[in-house]
Amino acid sequence: MSRFALVDCNNFYVSCERVFNPALEGRPVVVLSNNDGCAVARSNEAKALGITMGAPVFTLEAELRRHNVAVYSSNYALYGDMSRRVITTLGQMVPDLEVYSIDESFLDLTSFRKADVPELCRTMVVTVKRNTGIPVSVGVGPTKTLAKVAAGLAKKHPCLGGVCDVTDAVWRERALAATDVGKVWGVGRRYERFLKVRGINTALDLTRADGAMIQKRMGVNGTRLLSELTGTRCYPLEANPPVKKGVGVSRTFASGIEEQTALTEALSTYAERAAEKLRKEGLRAGIMEVYAMSNRFHRQNFYYNTKTVRFPAPTSDASELIKGALSAFEEIYKEDIPFKKLGLHMRELTLESQEQRLLFDTVDRTRSSALMKAVDAVNGTMGKRILGYASSGLSDPKTWRTRFNHKSPSYTTRWDELLRVS
DNA sequence: TCTGGGGTCCTAGGACCC
DNA sequence: TCTGGGGTCCTAGGACCC
């Protein structure tokens, strides 16, 4: 029988901030989304205050002040780097590892002896904490979905010491009974409501539900979910991440923007960023979809439009992407609309290594790829955006820049922001 | 006034083909 | 009265994840 572990970093963004600022220990802490818009990570103390995931900051302000909550903007460079450290540490203990998200990894423990698993998991908790400062919870079970259930309980009940194993049937049933159906992996808000209306309140209830009904409402994923919860593996460990199907870059502005120059500067920057992402993955895109919208919370006068550009040949050339993005935007831009969000999606991705050249191409691919390599090299060694395109904006101040008013230093990724010990 | 970003997969329905 | 049956491809929308 297969055995999986899920290692889940506790309140990951908050924990990263605490590693470099131990005074935050025991205090309520929240980390905010882009533009300092919503709470996206909360310490246990902040959760206890009733601060919910995704709550808009403007609804929390009084609460944050009253309880002296420490507030941080997202520091993606720091979190990304801390994530790599956690993954490296885990990889040294268990080689069969799938990086599931920035703060979660699945490990395949099938080849370990059952008797060794509890000790191994405890060692993981201690070692990751010692090497990185990040506290983690470990869940173990015969399927990924059950490992998730177990990790949820390990996090919720400190008396378990950060580890919960539901391999044995007795523990599994208890664990499922103690898990709200809405907390099950694959059950979101809609499905939760559907299930609870029908008296299915826990994960255990779900395992006893009518399979045909689940299949009808939740499709094949619902059927797989039932199998996984009852111990039949449907999802294998994916050690090698599959090739991406799409690459997107989008941003919401702190407030609505009407000025066309600012908007095209922003979009040009996103196109550059998208080209960079493509090149990093060794990919080229066949089409680009550009979209623009006004504030989606203002239901009256909501504006949304999108325009698709097809390239003559798959490309990751920044100037080609910028050109495409700006010409598409001209068709969806409207005066007098305060734009709140702009973005683009690259699709029909192909690997550079499987390139097909056009007989009559409008772009000199050899020159363009040499130029892009040079840009990547300079920006890689000398700092981001040393080299960039004029269309992405020479003017200051930039009304469209994302707001990060509470950001901590990039302690681990910038020499000038290293932690100082005095 | 203020409410993120980046993904994946599935399904239904229409167009089109033989 | 009666109006094939598959198959493929594409798109839009819905649901989920972190």
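Every chain is numbered from 1 and lettered A, B, ... according to where its sequence line falls, protein lines coming before strand lines. Just so we're clear, the structure is a prediction, and the values are computed from it rather than from any experiment.
At whole-Å resolution of the value, CZ in A:Arg251 and C1' in B:dG6 are 9 Å apart. In this structure, A:Asp36 atom CG and B:dT1 atom C1' are separated by 15 Å, rounded to whole Å. We find that CG of A:Asn34 is positioned 17 Å from P of B:dC2, with the value rounded to whole Å.
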Base versus backbone protein contacts along nucleotides 10-18 of chain C [heavy-atom cut-off under 4.0 Å; B, S, -]: -----SSSS
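A:His298 comes within 4.0 angstrom of sugar-phosphate atoms only, judged by non-hydrogen atoms across all strands, and of no base. Residue A:Lys216 is out of contact with every strand shown, counting any heavy-atom pair closer than 4.0 Å.
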For residues 177-191 of chain A, dump all side-chain donor-acceptor pairs below 3.5 Å to protein atoms at least two apart in sequence or in another chain.
unit_1: A:Thr179; atom_1: OG1; unit_2: A:Ala175; atom_2: O; d: 2.8
unit_1: A:Asp180; atom_1: OD1; unit_2: A:Gly182; atom_2: N; d: 2.7
unit_1: A:Asp180; atom_1: OD1; unit_2: A:Lys196; atom_2: NZ; d: 3.0
unit_1: A:Asp180; atom_1: OD2; unit_2: A:Lys196; atom_2: NZ; d: 3.0
unit_1: A:Trp185; atom_1: NE1; unit_2: A:Tyr100; atom_2: OH; d: 3.2

All N/O donor-acceptor pairs, side-chain side in residues 231-257 of chain A, below 3.5 Å, sequence neighbours left out:
unit_1: A:Lys244; atom_1: NZ; unit_2: A:Glu281; atom_2: OE2; d: 3.2

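Not counting sequence neighbours, the partners of A:Asn11 by the side chain to side chain donor-acceptor pair (under 3.5 Å) test are A:Asn44, A:Lys47. Listed by chain and number, the residues in a side-chain contact (heavy atoms from CB on, under 4.5 Å) with A:Ala150 are A:Cys164, A:Val166 (sequence neighbours excluded). Partners of A:Lys407 under the salt bridge (Lys or Arg N to Asp or Glu O under 4.0 Å) rule, at least two apart in sequence or in another chain, do not exist in this structure. Judged as a side chain to side chain donor-acceptor pair (under 3.5 Å), and not counting sequence neighbours, the contacts of A:Arg66 are A:Glu63. For A:Glu348, the salt bridge (Lys or Arg N to Asp or Glu O under 4.0 Å) partners two or more places apart in sequence, or in a different chain, are A:Arg310. When the ring pair (Phe, Tyr, Trp, His ring centres under 6.0 Å) test is applied to A:Tyr304, no partner is found at least two apart in sequence or on another chain.
Remark: the backbone N or O of A:Lys340 is not paired with any side-chain donor or acceptor of A:Asn295 at under 3.5 angstrom.
Residue A:Lys245 has no polar side-chain atom (N or O) positioned under 4.0 Å from OP1 or OP2 of B:dG7. At B:dG5, one or more side-chain N or O atoms of A:Thr252 fall inside 4.0 Å of OP1 or OP2 (strictly under the cut-off).
Each of A:Thr402 and A:Ser255 has a nearest nucleotide on DNA chain B; the 5'-most of these lies closest to A:Ser255. For A:Ala254 and A:Lys244, each mapped to the nucleotide of DNA chain B holding its nearest heavy atom, the one lying further toward the 5' end belongs to A:Ala254.
Remark: nothing in residues 54-87 of chain A comes within less than 4.0 Å of DNA chain C through any heavy atom.
Sorted by first and then second residue, the ring pair (Phe, Tyr, Trp, His ring centres under 6.0 Å) pairs involving residues 41-90 of chain A (not counting sequence neighbours) are A:Tyr13-A:Tyr79.
With a 3.5 Å limit on both pairing distances and Watson-Crick or G-U wobble geometry required, the stems of 3 or more pairs in DNA chain B span B:5-18 with C:5-18.
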